[in-house]
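Here the structure comes first, spelled out in structure tokens, and everything after it is commentary.
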Amino acid sequence: MSKLGDLGARLYRGEVGYDFVGKRFIWYGVSILITITAIAALAIQGLNMGIEFKGGAVFTTPKTAVSVAQATEDAEEASGHDAIVQELGTGGLRIQISGLDTDAATAVKKQLATDLKVTEADINADLVGPSWGEQIANKAWTGLGIFMVLVVIYLAIAFEWRMAVAALIALIHDLTITVGIYSLVGFEVTPGTVIGLLTILGYSLYDTVVVFDGLKEGSKDITKQTRFTYSEIANRSINGTLVRSINTTVVALLPVGALLFIGGGFLGAGMLNDISLSLFVGLAAGAYSSIFIATPLVVDLKEREPAMKALKKRVLAKRAAGAAKGESADGEGAVEDAPQVVAQGRQPGRRR
């Protein structure tokens, strides 16, 4: 068995582990700081909305010897607006200029033909109205709202309302961070970006549900035992799925990272950036929130219950009695160092 596989097995059995839940206020602080930064970036810089949302014109030229940099300068001088120029596989150029109406687009097309040394008839001009992008945005918001409602209903039925609330907060956390990164780096927001944002929600939820399922199984009949508190069982659930979460995230990030850094960066295929950045940031944020945010939030909500408070008192009292006798709380050796790094012992929720 590989070292990683051996570690995963030991984490699952509870032989080793990290106290994610006990240090949850550190993760909360980190998330709050990142979220505030994202919101500040949105408030100050806003988003670089694409032509589909602002309206404008897209010119596609035949093969030309003019460089992208020179074409950008010519397009901005001809239109008086910022221009985005991309080189096509045919050797032609795709020139995107926001804020142009029909008359302005016709004048810009003539000037571009002269500057780029091509025939005006060979330049294809498409006008894009802002209403189309607005329709896309409205449908995306509608879809997002329906998705959130269905998620809450499903989790409340399959698990409990506390898990539904925690998962919803984690999803909002992931979306806020992803949109904030877009604002910070200035990447253009296109319909592809919207698709990417909606895609990451499913991944983030999947990772969270895996941990919740382990927590549900581990906390079954929890009040009938006095070995573990709810927070310790939650911590074991996180550790039990930790390697799986890491492996799943790394495997998902590799192809997306190739699209973003190789396709969009080195090869200059800028059209890949709009969807690959949202996927890359969203996948990473989703894995982070399922481990560091969602489950600790469930613990905070669950341990407010009188039954969980009473259980914690019984567990701590038993450990104190065991410590006074020089044995562990369950009479099997050294005193358990809960809720520090997960102590050796059987998997919670399983009978001997």
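Quick note: numbers below take in every heavy atom, side chains included, and nothing from hydrogens, waters or symmetry partners.
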What I'd like to find out is whether the side chain of [X] reaches to under 4.5 Å of the side chain of [Y], using heavy atoms alone.
X: V68; Y: Q86; result: no
X: I95; Y: L112; result: yes
X: K117; Y: V66; result: no
X: R319; Y: V315; result: yes
X: M163; Y: L215; result: yes
X: L253; Y: L279; result: no
X: Y182; Y: S278; result: yes
X: S98; Y: H81; result: no

So, does [X] use its side chain to make a donor-acceptor pair with the main chain of [Y] at under 3.5 Å?
X: T193; Y: T190; result: yes
X: T295; Y: I291; result: no
X: N239; Y: N235; result: yes
X: S290; Y: T208; result: no
X: S204; Y: I200; result: no
X: R236; Y: G218; result: no
X: W27; Y: F20; result: yes
X: D122; Y: P62; result: no
X: S183; Y: V179; result: no
X: Y28; Y: P296; result: yes

Item to check | Test: K309 cationic atom under 6.0 Å from Y230 six-membered ring centre, within 45° of axis | outcome: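 Negative - K309 is either too far from the ring of Y230 or too far off its axis.
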Next on the checklist: Under the criterion side-chain contact (heavy atoms from CB on, under 4.5 Å), I'd like the reasoning laid out for L100 against V108: C-alpha separation, chi angles, the key distance, then a yes or no.
Outcome noted: CA-CA 9 Å; L100 295 183; V108 170; 4.1 Å; yes
Cluster question for you: counting only ILVMFWY and a side-chain heavy-atom cut-off of under 4.5 Å, with indirect links fine, are [X] and [Y] together?
X: F187; Y: I39; result: no
X: V30; Y: I36; result: no
X: L168; Y: Y206; result: no
X: I246; Y: V210; result: no
X: I146; Y: I157; result: no

Next on the checklist: What verdict does the side-chain contact (heavy atoms from CB on, under 4.5 Å) test give for L155 and V209, after you've listed the backbone C-alpha separation in whole Å, the side-chain angles of each residue and the deciding distance to 0.1 Å?
Outcome noted: CA-CA 8 Å; L155 291 179; V209 167; 3.9 Å; yes
Atom [atom1] in [X], atom [atom2] in [Y]: separation rounded to 0.5 Å?
X: S219; Y: F212; atom1: OG; atom2: CZ; value: 11.5 Å
X: D174; Y: L283; atom1: CG; atom2: CG; value: 10.0 Å
X: M148; Y: L205; atom1: CE; atom2: CG; value: 9.5 Å
X: S289; Y: I177; atom1: OG; atom2: CD1; value: 8.0 Å
X: L201; Y: L144; atom1: CG; atom2: CG; value: 6.0 Å
X: L47; Y: L42; atom1: CG; atom2: CG; value: 5.5 Å

Next on the checklist: Between E160 and K302, does the salt bridge (charged side-chain N to carboxylate O under 4.0 Å, His left out) criterion hold? Intermediate values first, please.
Outcome noted: CA-CA 10 Å; E160 59 174 302; K302 190 72 175 179; 3.4 Å; yes
Next on the checklist: side-chain contact (heavy atoms from CB on, under 4.5 Å) for F228 and L311? Distances and angles first, verdict last.
Outcome noted: CA-CA 9 Å; F228 302 103; L311 171 65; over 6 Å; no
Checklist entry - With F59, which of L116, I97, D126, N124 fulfils side chain to side chain contact (heavy atoms under 4.5 Å, CB included)? => result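 That would be I97.
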Any idea which heavy atoms bring [X] and [Y] closest together, and the distance?
X: A83; Y: T72; answer: O-CG2, 3.8 Å
X: V299; Y: S231; answer: CG1-CB, 3.7 Å
X: S237; Y: V211; answer: CB-O, 4.1 Å
X: K216; Y: A158; answer: NZ-O, 2.8 Å
X: E188; Y: I84; answer: OE2-CD1, 3.5 Å
X: V256; Y: S276; answer: CG1-O, 3.4 Å

Looking only at the side chains, is there a donor atom on one of [X] and [Y] sitting less than 3.5 Å from an acceptor on the other?
X: D207; Y: Y288; result: no
X: Q225; Y: D221; result: no
X: T229; Y: K312; result: no
X: E77; Y: Q111; result: no

Checklist entry - Between R162 and E303, is the closest basic N to carboxylate O distance under 4.0 Å? => result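 The answer is no: the pair does not qualify as a salt bridge.
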Next on the checklist: Go through it in stages, so that I can follow the logic: the residues are T223 and R314, the test is side-chain contact (heavy atoms from CB on, under 4.5 Å), and I'd like the CA-CA distance, side-chain angles, deciding distance and then a yes or no.
Outcome noted: CA-CA 10 Å; T223 56; R314 294 198 305 272; 4.3 Å; yes
